[in-house]
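Hydrogens, waters and symmetry mates play no part in the numbers below; they use all other heavy atoms, side chains included. Letters A, B, ... are given to chains in the order of the sequence lines, protein chains preceding strands, and every chain is numbered from 1. All of these numbers come straight from a predicted model, not from anything done at the bench.
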2 protein chains.
Amino acid sequence: MGNKKPATLGWQAVRDEALRRIRARVWQPGDRIPDEADLATELGCARATVNRALRDLAEAGLLERRRRGGTRVPLTPVRKATFSIAIIRQDIEMRGQMPGYRLLSDAVQPVPAPVRARLGPDTPDTMRHVVALHLADGQPYCLEDRWLNPAVVAASVGFDTFSANEWLVQTQSFTAGDLSFHAVSADSALAARLGCEPGAALLAVDRTTRGDRPITAVRLIYAPGHRVETDL
Amino acid sequence: MGNKKPATLGWQAVRDEALRRIRARVWQPGDRIPDEADLATELGCARATVNRALRDLAEAGLLERRRRGGTRVPLTPVRKATFSIAIIRQDIEMRGQMPGYRLLSDAVQPVPAPVRARLGPDTPDTMRHVVALHLADGQPYCLEDRWLNPAVVAASVGFDTFSANEWLVQTQSFTAGDLSFHAVSADSALAARLGCEPGAALLAVDRTTRGDRPITAVRLIYAPGHRVETDL
DNA sequence: AAGTGGTCTAGACCACAAA
DNA sequence: TTGTGGTCTAGACCACTTG
């Protein structure tokens, strides 16, 4: 008999089998796939195991599940990429380089409109504006330009020797936020701080963090050539 | 009795309670938290429910779990950001714009070293090189510069009217890949194609895809000002 | 109204790593 | 060795949503 032994030894095996059927077009895009109960019977395991497997595939975007509607293979699978957001100092250490930090400015200032737009309507009129440079092996690595809600960060907390990055991650909880990548061209001030040519293309990451109220908005601008990478 | 009613109605409630304890420093960074079994008893639910909740938090980077080692609150929580990788045409449609597509070139060419490096050592010497422009409301949106393994894509498949992007996502399976963001400066050729000033800073996304063998490497270069966004 | 996924339970066994 | 998370099971009830 040419039958494969199901060898269903776990939910991963069930997931792999389902993945095989999707890729082999046994289950075609748009198709409804069998019930969890049917699959459990067919594969010789409990329904909970099938559920675990299919839920995993759904989280990865390879299946769409709806109550009563059943499970379907999406016409256009949506892949998901996950990035780890670590402390900058750790990033540098993981590259095998020596981290450094230099505070450039720290003052309470009126919040520019774009920052206010990112943080939401309940943003204070003035916030604490901290600009700092991160170094890797003594070379500029990234410029941190941050706005902090004074109602959240006591003015007594100084960021002379360590990044607000680290303070926040260990002190503040948050429930919401967003993150975006874009490219910026180095103006002369930026070029001077990062030690690159004016006009160089730089990768920028914007991040905002909110709890009950706005906490912080930060823009990280990396030295030329920097990449943010992930596996799929 | 001042005891809170646990009201443990599901694993989400357990997760929220755990989250509350983390944020309230009831469980401090570095601490080991109670057993699943103990928590189950305390919260009045089954261990599987606690497991589900803690696994969820661990996936989000807010807990670290190890067999025999127990569950701990990490000293430095690692936030994870997830991006959806959709078909470019869908991206444009979701922005409420009219998608367009123009094939610029399609030829078998020697593979440049950087592309080979990204795809792995078993990369063919020559691959199919497809360059196309995506349009949004008639304006350049992004340039797609793609290398395809001829052993995977029949030469008879033409990309005159639709992007290789769409063909691949619906036809090819893959098991591994990676993705990275960086910034590039527009040279004159790029500027002409994207209709921007030479020297403009552009966001670029590199993606590679492998199955048993290399499948494709693509670089997407977006028009100026483009952002890739996600919620946290 | 009825079918399907979502979840809970109680108990069990296993795999791994720390003591 | 032993404690802890990882997972499976069989059955049950519930929630959502589609017909």
Side-chain angles (χ1 to χ4, degrees), chain A residues 5-19 21-22 26-75 77-78, chain B residues 4-19 21-22 26-75 77-78 80:
Chain A
K5 162 132 37 96
T8 300
L9 299 176
W11 66 269
Q12 294 209 6
V14 175
R15 183 201 56 190
D16 291 347
E17 172 60 13
L19 197 49
R21 294 186 187 184
I22 294 168
V26 178
W27 297 336
Q28 303 198 358
D31 274 5
R32 210 174 130 166
I33 77 171
D35 281 358
E36 291 186 349
D38 289 350
L39 281 172
T41 304
E42 184 202 338
L43 298 175
C45 63
R47 181 166 83 91
T49 305
V50 175
N51 182 286
R52 178 83 157 88
L54 299 188
R55 180 167 23 100
D56 194 71
L57 288 174
E59 278 171 12
L62 283 102
L63 287 176
E64 282 174 355
R65 321 194 73 200
R66 279 154 48 178
R67 288 181 158 159
R68 164 73 195 196
T71 300
R72 292 172 172 282
V73 181
L75 277 326
V78 175
Chain B
K4 304 188 185 71
K5 164 130 40 93
T8 300
L9 298 175
W11 66 269
Q12 294 208 9
V14 175
R15 183 201 56 191
D16 291 347
E17 173 59 14
L19 197 48
R21 294 187 185 182
I22 294 169
V26 178
W27 296 336
Q28 302 199 358
D31 273 6
R32 212 174 128 164
I33 76 172
D35 281 358
E36 291 186 349
D38 289 350
L39 281 172
T41 302
E42 182 200 339
L43 299 175
C45 63
R47 183 167 81 94
T49 304
V50 174
N51 181 284
R52 178 82 155 88
L54 298 187
R55 178 161 30 93
D56 195 68
L57 288 174
E59 279 172 12
L62 284 113
L63 287 176
E64 283 174 354
R65 322 193 72 201
R66 279 152 55 176
R67 288 182 147 134
R68 165 73 198 196
T71 300
R72 291 173 173 280
V73 181
L75 277 326
V78 175
K80 290 178 179 171

Next item on the list: Of all the heavy-atom pairs spanning Ala53(B) and Trp11(B), show the shortest one and how long it is.
Entry: CB-O, 3.4 Å
Checklist line | Between dG5(D) (C1') and Leu63(B) (CG): distance, integer Å | finding: 13 Å
Next item on the list: Taking all heavy atoms of Ile22(A) and all of Leu62(A), pick out the closest pair and write down the distance.
Entry: CD1-O, 3.9 Å
Next item on the list: Measure from CD1 on Ile33(B) to C1' on dG5(D) and round the result to the nearest Å.
Entry: 11 Å
Item checked: Arg65(A), nearest nucleotide to its side chain (from dG6(C), dT7(D), dT9(C)) -> dG6(C)
Find every protein N or O atom lying less than 3.5 Å from an N or O atom of nucleotides 13-15 of chain D, and list the pairs.
residue	atom	partner	partner atom	Å
dA15(D)	O3'	Arg67(A)	NH1	3.4

Margin query: To check you understand the geometry: which heavy-atom pair defines the closest contact between Gly61(B) and Pro74(B), and what is its length?
Written below: O-CG, 3.8 Å
Please set out all donor-acceptor pairs under 3.5 angstrom arising from side-chain atoms of residues 66-73 of chain A, sequence neighbours excluded.
residue	atom	partner	partner atom	Å
Thr71(A)	OG1	Arg65(A)	NE	3.1
Thr71(A)	OG1	Arg65(A)	NH2	3.4
Arg72(A)	NH1	Gly30(A)	O	2.8

Checklist line | Atom-pair distance (CG on Asp35(B); P on dG6(D)), nearest Å | finding: 12 Å
Notebook entry, point to check: Does Asn51(B) put a side-chain nitrogen or oxygen below 4.0 Å from OP1 or OP2 of dG5(D)?
Noted result: no
Note to self: From CG of Leu39(B) over to C1' of dT9(C), roughly how many Å is that when rounded to an integer?
What the structure shows: 17 Å
Check: Could you state the interatomic distance from CG (Leu43(A)) to CD (Glu36(A)), rounded to the nearest 0.5 Å?
Finding: 12.0 Å
Margin query: With nearest nucleotide decided by heavy atoms, which residue, Gly70(A) or Gln12(B), maps closer to the 5′ end of DNA chain C?
Written below: Gly70(A)
Next item on the list: Look at Thr71(B) and dG5(D) and indicate whether a side-chain polar atom (N or O) is within less than 4.0 Å of OP1 or OP2.
Entry: yes
Next item on the list: Respond yes when some side-chain nitrogen or oxygen of Thr49(B) is under 4.0 Å from OP1 or OP2 of dT7(C), and no when none is.
Entry: no
Check: Which atom names give the shortest non-hydrogen contact between Leu54(B) and Leu39(B), and what distance separates them?
Finding: CD1-CD1, 4.1 Å
Next item on the list: Measure from the side chain of Ala46(B), starting at C-beta and using heavy atoms only, and say which of dG5(C), dA10(C), dA10(D) lies closest.
Entry: dA10(C)
Note to self: What is the separation between atom CH2 on Trp11(A) and atom C1' on dG5(C), rounded to the nearest whole Å?
What the structure shows: 18 Å
Item checked: Spacing between Arg66(B) atom CZ and dA19(C) atom C1', to the nearest angstrom -> 13 Å
Notebook entry, point to check: Rounded to whole angstrom units, what separation is found between the CZ atom of Arg72(A) and the P atom of dG3(C)?
Noted result: 17 Å
Item checked: Heavy-atom pair of closest approach, residues Val14(B) and Cys45(B) -> CG2-SG, 4.1 Å
Notebook entry, point to check: Taking CZ from Arg55(A) and C1' from dT7(D), how many angstroms apart are they, rounded to a whole number?
Noted result: 12 Å
Note to self: Any base atoms under 4.0 Å from Arg32(A), or only sugar-phosphate, or nothing? Heavy atoms, all strands.
What the structure shows: sugar-phosphate
